[in-house]
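First listed ligand is number 1; within each ligand, the first listed atom is number 1. All of these numbers come straight from a predicted model, not from anything done at the bench. The basis for the numbers below is simple: all heavy atoms, side chains too, and nothing from hydrogens, waters or symmetry mates.
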Amino acid sequence: MPNMFFDTDIHTVSDARHLAKKRLPWMVFDYIDGAAGDGFGEQANRDAIRALRLKPRVLNNVEQRDVSVPVFGKKSDLPFGISPMGMCNLAAPKADLMLAKLAAKHFMPVGVSTAASTSLEVMMDTSEGNAWFQLYFSGNEDASNALIKRAQDAGYQTLILTVDVPEVGRRPRELRRGFKMPFKIGPRQFIDFACHPQWSLSTLFHGKPELANFGGKFGEFDRTSSRAGADWGLLAKIRDAWKGNLVVKGVLDPSDALKMKKMGVDAVQVSSHGGRQLDGSLNAINALRDIRKAVGAKYPLFYDSGLRSGEDIVKAYAVGANFTFLGRPFSYAIAAGGSRGLDQLTDILTQEVSITLAQLGETNIVSLGANHIVAA
Ligand SMILES: Cc1cc2nc3c(=O)[nH]c(=O)nc-3n(C[C@H](O)[C@H](O)[C@H](O)COP(=O)(O)O)c2cc1C
């Protein structure tokens, strides 16, 4: 049923971002859209993806195209999944549930953040088994083990261990707005919310977003607490404790990736956290190319950071990814148009991937490789 409250006109990720910017309180938009430092790193990575040029091939019959991709022995109907994001319900009430339902509809993975605004159990049920749990690797082993056990009990088969946050990156756009997690409302936020009544009324009606995996015996989550004590020894223990698929997310260095492969990590997710951690970081898309060379052709590599179109997704596969994830674009789409906006954006990305395959003279994702791209 069309959403009466949203007049959604999304044809690109930029359209969704533009609408999200209009509809969200400044503080919330800056939390979602923001990056480390001045945001140069976030922009530079997107520019590096754009600078890769695709090589069209002609006169292959490409009538029958398949955008599905196998991942950990299951078929994802779409060649991209949803990156874990904390406090998604800030984009709109029930945003997490919209993402979980999208994952169920397309059999695509949805990452459930440690800092999710819906509990990991509800996300597992709503996604009909397509949820992957993301753990922030803390120095407190008991707390990490309790969450791992809880994810296991809830039926999770895949654990994503995020390792690129030894300290939370400084994100000036959040700092200027006084953004806090858990959410705090002071006079500055009050004015911001008063200027965005549609968002504020619906959030007031549904209750302010919570850190749903915490409280009671699971204690409190302090987003700013240091995780600097996490080390290779802790990774080895988690590999021992977790019997399912283990993905390590936030890797940019070939020798780190190689070491993880040797330690029995099932997949490495090459990511610069969407430029949210280190403004001067190398471009994640270039790291993907170098890590692919280091780990060999067969080892599973996932990629996120800066993908903004179906062409970008195809480029990531051509550079060496076995699966891709997007973060901000899904939040923009929800803020722009609720579940309808989310469906629209998903359809657009899927169509773009399929059309790009046709232009390259290919019929499926797994055939993509370095021969499809040239540097600018
Ligand atoms: C609002 C927001 C919250 C995020 N929270 C988490 C998180 O809790 N855990 C995590 O591993 N990554 C988190 N990320 C990073 C994403 O998982 C992903 O790496 C990044 O968004 C990908 O870049 P993209 O936004 O350019 O697609 C977050 C990203 C955003 C935008």
Q: What about G306: any of its N or O atoms under 3.5 Å from an N or O on ligand 1?
A: yes
Q: Checking side-chain hydrogen bond (donor to acceptor under 3.5 Å, both in side chains) against Q277, which of R170, E167, R171 comes through?
A: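 Answer after filtering R170, E167, R171: R171.
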Q: Under 6.0 Å from the NE2 atom of H18, do we count more than 12 heavy atoms belonging to anything else shown?
A: no
Q: Students should be able to answer this: which protein heavy-atom is nearest to atom 11 (O) of ligand 1, and at what distance?
A: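 The closest heavy atom on the protein side is T162 OG1, 2.7 Å.
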Q: Specify the protein heavy atom at minimum distance from atom 27 (O) of ligand 1: its residue, its atom name, and the distance to 0.1 Å.
A: G327 N, 2.9 Å
Q: Out of all atoms in ligand 1, which are within 4.0 Å of some heavy atom of S271? Include the element for each.
A: 19 (O)
Q: Any salt bridge between E121 and R150, counting N to O under 4.0 Å?
A: yes
Q: Do D312 and R50 meet the salt-bridge criterion of a basic N to acidic O distance under 4.0 Å?
A: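 Not counted as a salt bridge, because no side-chain N and carboxylate O are separated by less than 4.0 Å.
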Q: Could you establish whether R308 and ligand 1 come within less than 4.0 Å of each other, counting only heavy atoms on the residue side?
A: yes
Q: Counting only heavy atoms, tell me which of A91, G250, G274 gets closest to atom 20 (C) of ligand 1.
A: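 Of the listed residues, G274 has the closest heavy atom.
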Q: Under a 4.0 angstrom heavy-atom cut-off, which atoms of ligand 1 come close to L326?
A: 27 (O)
Q: Within the 4.0 Å heavy-atom shell around Y31, which atoms of ligand 1 are there?
A: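 Reading through ligand 1 atom by atom, the close ones are 1 (C), 3 (C).
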Q: Testing Y156, W132, F323 for ring pair (Phe, Tyr, Trp, His ring centres under 6.0 Å) with F72, which one passes?
A: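 For F72, the ring pair (Phe, Tyr, Trp, His ring centres under 6.0 Å) test succeeds with only one of Y156, W132, F323, which is W132.
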Q: Can you list the ligand 1 atoms lying under 4.0 Å from a non-hydrogen atom of S113?
A: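 Counting from 1, the qualifying ligand atoms are 7 (C), 8 (O).
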Q: Judged by atom type as modelled, is there a donor-acceptor pair below 3.5 Å linking the side chain of N213 to the main-chain atoms of L120?
A: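 Yes, because the side chain of N213 sits within donor-acceptor range (under 3.5 Å) of the backbone of L120.
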Q: Decide, yes or no, whether a salt bridge links R276 with E174 under the criterion of side-chain N to carboxylate O below 4.0 Å.
A: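 Here R276 pairs with E174 in a salt bridge, since their nearest N and O are under 4.0 Å apart.
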Q: Taking only heavy atoms of S305 into account, list the atoms of ligand 1 that are under 4.0 Å away from them.
A: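 Counting atoms of ligand 1 from 1, those under 4.0 Å from S305 are 22 (C), 23 (O), 26 (O).
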Q: Check K261 with D266, please: is the shortest side-chain N to carboxylate O separation under 4.0 Å?
A: no
Q: Which residue and atom name correspond to the protein heavy atom nearest atom 12 (N) of ligand 1, and how close is it?
A: K249 NZ, 3.0 Å
Q: For atom 5 (N) of ligand 1, what is the closest protein heavy atom, and at what distance to 0.1 Å?
A: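 For atom 5 (N) of ligand 1, the nearest protein heavy atom comes out as G86 N, 3.0 Å.
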Q: Among L90, D304, N45, V112, whose heavy atom sits nearest atom 19 (O) of ligand 1?
A: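 Looking at heavy atoms only, D304 sits closest to atom 19 (O) of ligand 1.
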Q: Under 4.0 Å between a Lys/Arg side-chain N and an Asp/Glu carboxylate O for K249 and D164?
A: no
Q: Would you say P84 and ligand 1 have an N/O pair spaced under 3.5 Å apart?
A: yes
Q: Can you hop from F107 to L102 via hydrophobic side chains spaced under 4.5 Å?
A: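 They do not share one cluster, since no chain of ILVMFWY contacts under 4.5 Å joins F107 to L102.
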Q: At a non-hydrogen distance cut-off of under 4.0 Å, which region of R276 contacts ligand 1 (side chain, backbone, both, or neither)?
A: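 Side chain only.
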Q: Residue-level breakdown please: for Q134 versus ligand 1, do any non-hydrogen atoms fall below 4.0 Å on the side chain, on the backbone, on both, or on neither?
A: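 Contact part for Q134 vs ligand 1: side chain (C-beta onward).
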Q: Can you figure out which of Y136, Y303, Y332 has its heavy atom closest to atom 7 (C) of ligand 1?
A: Y136
Q: Is the closest basic N to carboxylate O distance between R173 and D33 below 4.0 Å?
A: yes
